[in-house]
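Beneath this line is the structure, given in structure tokens, with notes to follow.
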There are 2 protein chains.
Amino acid sequence: MARATGVSRQTVSRAINNMTQIDPATRDRVLAVARDMGYRPSRHARGMMRRSTTTVGLVIPDVLNPFFTEVVAGALEAAKSRGWQLIMYTTDSALDQEKPLSESIAAQVDACIAFLLDPDAIAAIAGSGIPFVLLGNEDQAGSVSKVRIDFESGLREAFDHLAARGHLHIGMIDDRKRTASGRPDARTRLYTTAAMEAGLRIEPEWIQQATNSIDGGAAAMERMMREAPEVTAILCYNDILAIGAMRHAMARGLAIPESCAFIGVDDIPISALVDPPLTTVHVDKRRIGQAAIEQLAAQMSSGASMADTVIRTRLVVRAST
Amino acid sequence: MARATGVSRQTVSRAINNMTQIDPATRDRVLAVARDMGYRPSRHARGMMRRSTTTVGLVIPDVLNPFFTEVVAGALEAAKSRGWQLIMYTTDSALDQEKPLSESIAAQVDACIAFLLDPDAIAAIAGSGIPFVLLGNEDQAGSVSKVRIDFESGLREAFDHLAARGHLHIGMIDDRKRTASGRPDARTRLYTTAAMEAGLRIEPEWIQQATNSIDGGAAAMERMMREAPEVTAILCYNDILAIGAMRHAMARGLAIPESCAFIGVDDIPISALVDPPLTTVHVDKRRIGQAAIEQLAAQMSSGASMADTVIRTRLVVRAST
DNA sequence: CTGAAAGCGCTAACAA
DNA sequence: TTGTTAGCGCTTTCAG
């Protein structure tokens, strides 16, 4: 306390917060001393008195992935409009980072929204009692509030679109890590379902697993061309893989979309800029972030959680098909 | 306090933090009650006792700009390795948001790193006494610790490269907002300097101001083609503008690089993927974020701030020149 | 193993 | 205008 230094007492408080009812001279003196000894009010002590701004944790796998970046933008915007703060956490897309992170997070924030796959990690946060919204994980038990993405609508459109163009051999480039996690994404399931419903057969080698990156997509395409040359259209787990695969196909001399058509998922900004522009299943990513914050707000005010938000998707047809 | 509910007293603390020296039975009972009444330890009260994790504020103009995204990734990584947290703040690239944000920020975090232009905003944070590192604003007074980007090296390479290819009429597409702020970026100054040193003339209409987006770049290119058709090479404020301009030029029938060459700045991931791949001045964006955290750490331990970090740049030649 | 007391750094209420 | 008292919610002595 500056009481020892300045001649005055806890009246420093009045000075620091420059309240009224204080002699300007005293205030200045206190402030001067405070500056000299590098005094800084404690965030926590303050937070205890004034009811501080709510701080929400946001867990995403990877900041460099434009998909999550847009979710962050949406959440940030919604948070800012409520005067809330956002603390960013990253799992580096590593399943084994989820658990330790989740265990420490509840102590740091007032509420949390997170992309998480590990059930234990999800349980850790949900069990901590803080308001919580889970993102993009549809096969989680119903006890936790969710914002989920309805890929079915868009993916069905995609399949119909390809079928209408006469494609009979439709392959898929999937996310290896996601598949390996034992909790395959809805996209994978929907691909199989849609093919069956359309009466199309699928061979195992028509599904290639890829590391989630441009190069990963290219590598998967290389294998696809070697092992399944009969495939004339490829549905990709996301735009990044689609772009990597498409570029590789072009480099290897395939004409697009004549020899092979490509469809991505997400509709990240770059997809409209590549050549040829990528046909893709559009997801309103900002809306995911916004909706998550809104659900958090609902939990915090009413106590009860509101109904899950479902983000619809739709096909955006461009030149790659 | 759970003392009223559970039969026991502040020994809940022992239970909550599951310390040793407590009867498992008692612990479980306390925990059960705590869960039932939705008890959650207060972040702040805790932070007062245990010295809590340092929380650093990170201010950037825009999360959706891949340049800043990579800076965030670098900062996040460096922060995580120290066990620090990052709170994200955004100014939405609006100069007038900087001041109010800066004034409230010091109370929320233990330290701060920020992309800021408004001198008042900078002074507000610097004056608050928290450890502070300013990013990318080179013409700020020397009193504040900085990580700055040395565009000169890379930009000089870029000019030499264009000159070596015989370009005599080199234009520039600049960032309108940055120019309008009255604090033009070093890039703008260096463009003029480099041209003079190379003995090249510059006409006013060779410098077009653009809104910082793909479309903004396209619009600026449209004006450039109309007002300065003699220009055969264009240096752009950043890759986004360059890509927008280049695409528009192609759409209008220009051959690239034969009719017009383009050079960007930043080397964001997309630049290598567009067609033709963009020649650009590479900036190590992750390093900016890392360096900022390192300088913060230096300030917090030694008290004195370490020397500013300078991020070197270099030209990456691709097919657009 | 459990309870009582003291105090973290600050602010709010009331006196002086 | 300034000082005093009390207490925010928790952890940490030190006794019981």
Side-chain angles (χ1 to χ4, degrees), chain A residues 1-55 85 103-111 128-131 300, chain B residues 1-55 85 103-111 128-131 300:
Chain A
M1 287 294 245
R3 89 155 57 171
T5 61
V7 203
S8 42
R9 338 250 139 175
Q10 288 91 317
T11 316
V12 263
S13 181
R14 289 197 249 269
I16 298 293
N17 302 302
N18 65 39
M19 299 163 55
T20 124
Q21 301 185 330
I22 185 178
D23 184 35
T26 328
R27 194 214 353 251
D28 293 348
R29 187 156 40 88
V30 174
L31 255 33
V33 175
R35 194 173 332 107
D36 287 351
M37 53 186 292
Y39 166 85
R40 295 208 330 99
S42 144
R43 203 158 38 96
H44 295 300
R46 276 214 163 140
M48 272 185 68
M49 299 278 78
R50 349 219 234 233
R51 186 172 71 279
S52 64
T53 51
T54 57
T55 299
Q85 294 185 317
E103 278 162 350
S104 71
I105 210 171
Q108 318 276 18
V109 298
D110 302 312
S128 75
I130 63 174
M300 301 181 81
Chain B
M1 288 293 248
R3 90 159 53 174
T5 59
V7 203
S8 43
R9 336 251 140 174
Q10 288 90 320
T11 315
V12 261
S13 182
R14 289 195 249 269
I16 298 292
N17 302 300
N18 66 36
M19 301 163 57
T20 120
Q21 301 187 327
I22 186 178
D23 185 34
T26 326
R27 195 216 350 254
D28 292 348
R29 187 158 37 90
V30 174
L31 255 33
V33 175
R35 193 171 334 105
D36 288 350
M37 54 186 291
Y39 165 85
R40 295 208 331 102
S42 143
R43 208 155 35 94
H44 294 299
R46 275 215 161 138
M48 271 183 70
M49 299 278 79
R50 351 218 235 231
R51 186 171 72 280
S52 65
T53 52
T54 53
T55 299
Q85 295 185 317
E103 278 161 351
S104 72
I105 209 172
Q108 317 276 19
V109 299
D110 302 311
S128 76
I130 64 174
M300 302 181 83

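What you see is a predicted model, and the numbers here were worked out from it, not measured in a lab. Numbers restart at 1 for each chain; the letters A, B, ... are given by sequence-line order, proteins then strands.
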* Structure fact -> Closest of C:dC1, D:dT1, D:dT12 to the A:Thr26 side chain is D:dT1
* Asked: Distance check: side-chain N/O of A:Ser13 vs OP1/OP2 of C:dC10, anything under 4.0 Å?
  -> no
* Structure fact -> Taken to the nearest 0.5 Å, the spacing of B:Met48 CE from A:Met48 CE works out to 5.5 Å
* Can you tell me how far the OG1 atom of A:Thr53 sits from the CD atom of B:Gln108, to the nearest 0.5 Å? -> 4.0 Å
List the residues meeting side chain to side chain contact (heavy atoms under 4.5 Å, CB included) with [X], not counting sequence neighbours, and say none if there are none.
X: A:Arg14; answer: A:Thr11, A:Met19, A:Ile22
X: A:Asp28; answer: none
X: A:Arg43; answer: B:Ser52, B:Thr55, B:Asp110
X: A:Met49; answer: none

* **Intra- and inter-strand pairs of DNA chain D in dot-bracket (Watson-Crick or G-U wobble, both distances under 3.5 Å; | for another strand)** => ||||.|||||||||||
* Can you name the closest pair of heavy atoms from A:Ser128 and B:Arg40 and give their distance? -> O-CD, 3.7 Å
* To do: Specify the closest pair of heavy atoms between A:Ala111 and A:Met300, including all atoms of both residues, with the distance to one decimal.
  => CB-SD, 4.4 Å
* Round to a whole Å and report the spacing from CZ of B:Arg14 to C1' of C:dT2. => 6 Å
* Please list residues of residues 40-50 of chain B whose heavy atoms come under 4.0 Å from any atom in DNA chain D, ordered by number; otherwise none. => B:Arg40, B:Pro41, B:Ser42, B:Ala45, B:Arg46, B:Met49, B:Arg50
* To do: Rounded to whole angstrom, note down the P distance from D:dT5 over to C:dA6.
  => 16 Å
